[in-house]
Amino acid sequence: MPAQGSPGFESGSCGYGSLALGFNKGFVASASSSIYRDGIGCGGCYQIRCKDPRLCSTKGVTVIVTDQKPNNRTDFVLNAPAFTAMAKAGSAQSLKESGLVAIEYRRVPCNYKNKNLAIRLSTSPASFSNLAYNGSGRTVRLDTSQLRADAAV
């Protein structure tokens with residue numbers, strides 16, 4: 001199912017922000033709670049294939065989980081670029097119009113070309129929050145507090 005306008009994908013619950021759109025051609029998805037698993041599933045990569053041979057290629061698309069879906073009606077909601085990338089040549093609009101499609105999927109290794117590790121640092125007045133993820137699709141979250149300038153680390 002494609003997201004309408006894809007507004008949540010840049011601010012997804014995994015915390016990647018707009019960084020996620022720079023990976024994997026920007027093909028991202030929100031996932032059901034069984035895949036999202038309270039954030040453990042963040043950064044996981046999945047090959048998703050539409051099962052409609054009239055509209056879809058057999059190759060499918062690889063997406064990165066960047067958000068949790070609000071319901072469990074489907075396992076994934078793909079952003080529009082990822083959803084239409086599943087289409088056969090000339091069938092993207094028809095696939096988009098179909099909306100909900102049957103899929104098959106499997107977990108695959110992530111492939112962040114020349115980007116094996118990225119760190120996003122955001123600050124709040126009370127603490128620093130660091131989010132690191134690597135090419136394996138594993139996400140590590142580090143929460144630290146600000147130290148005095150003269151404190152030993």
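- Residues meeting the side-chain hydrogen bond (donor to acceptor under 3.5 Å, both in side chains) test with Ser33, sequence neighbours left out: Asn72.
- Side-chain atoms of Met86 and Leu78, non-hydrogen and from C-beta on, do get closer than 4.5 Å to each other.
- Here the side chains of Ile35 and Asp75 are in contact, with some heavy-atom distance below 4.5 Å.
- Within the 4.5 Å cutoff, the side chain of Val61 has heavy atoms near those of the Val63 side chain.
- In terms of the side-chain hydrogen bond (donor to acceptor under 3.5 Å, both in side chains) criterion, residue partners of Lys69 (sequence neighbours excluded) are, by chain and number, Asn71.
- In this view, Glu97 satisfies the salt bridge (Lys or Arg N to Asp or Glu O under 4.0 Å) rule with no residue, not counting sequence neighbours.
- Under a 3.5 Å cut-off, the side chain of Asn24 and the backbone N or O of Gly26 do not form any donor-acceptor pair.
- A distance of 8.5 Å separates CD in Gln68 from OG in Ser32, rounded to the nearest 0.5 Å.
- Partners of Ser91 by side-chain hydrogen bond (donor to acceptor under 3.5 Å, both in side chains), not counting sequence neighbours: none found.
- Side-chain contact between Phe27 and Pro81: present, with at least one pair of heavy atoms (C-beta onward) separated by less than 4.5 Å.
- Using a 4.5 Å heavy-atom threshold, the side chains of Lys88 and Leu95 count as separate.
- Nearest heavy atoms, Gly99 versus Phe83: O-CZ, 3.1 Å.
- Checked against Ser13 for a side chain to side chain donor-acceptor pair (under 3.5 Å), the options Asp67, Asp38, Thr66 give a single hit: Asp67.
- Of all heavy-atom pairs between Cys14 and Tyr36, the closest is SG-CE1, 3.7 Å.
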List the atom pairs, donor and acceptor, that lie under 3.5 Å between side-chain atoms in residues 41-50 and the rest of the protein, sequence neighbours left out.
| residue | atom | partner | partner atom | Å |
| --- | --- | --- | --- | --- |
| Gln47 | OE1 | Arg106 | NE | 2.7 |
| Gln47 | OE1 | Arg106 | NH2 | 3.0 |
| Gln47 | NE2 | Lys59 | O | 3.0 |
| Arg49 | NE | Glu104 | OE2 | 3.2 |
| Arg49 | NH1 | Thr58 | O | 3.3 |
| Arg49 | NH2 | Glu104 | OE2 | 3.0 |

Trace of the side-chain contact (heavy atoms from CB on, under 4.5 Å) decision for Phe76 with Val65: CA-CA 9 Å; Phe76 292 96; Val65 172; 4.1 Å; yes
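- The side-chain contact (heavy atoms from CB on, under 4.5 Å) test applied to Ser94 returns Leu55, not counting sequence neighbours.
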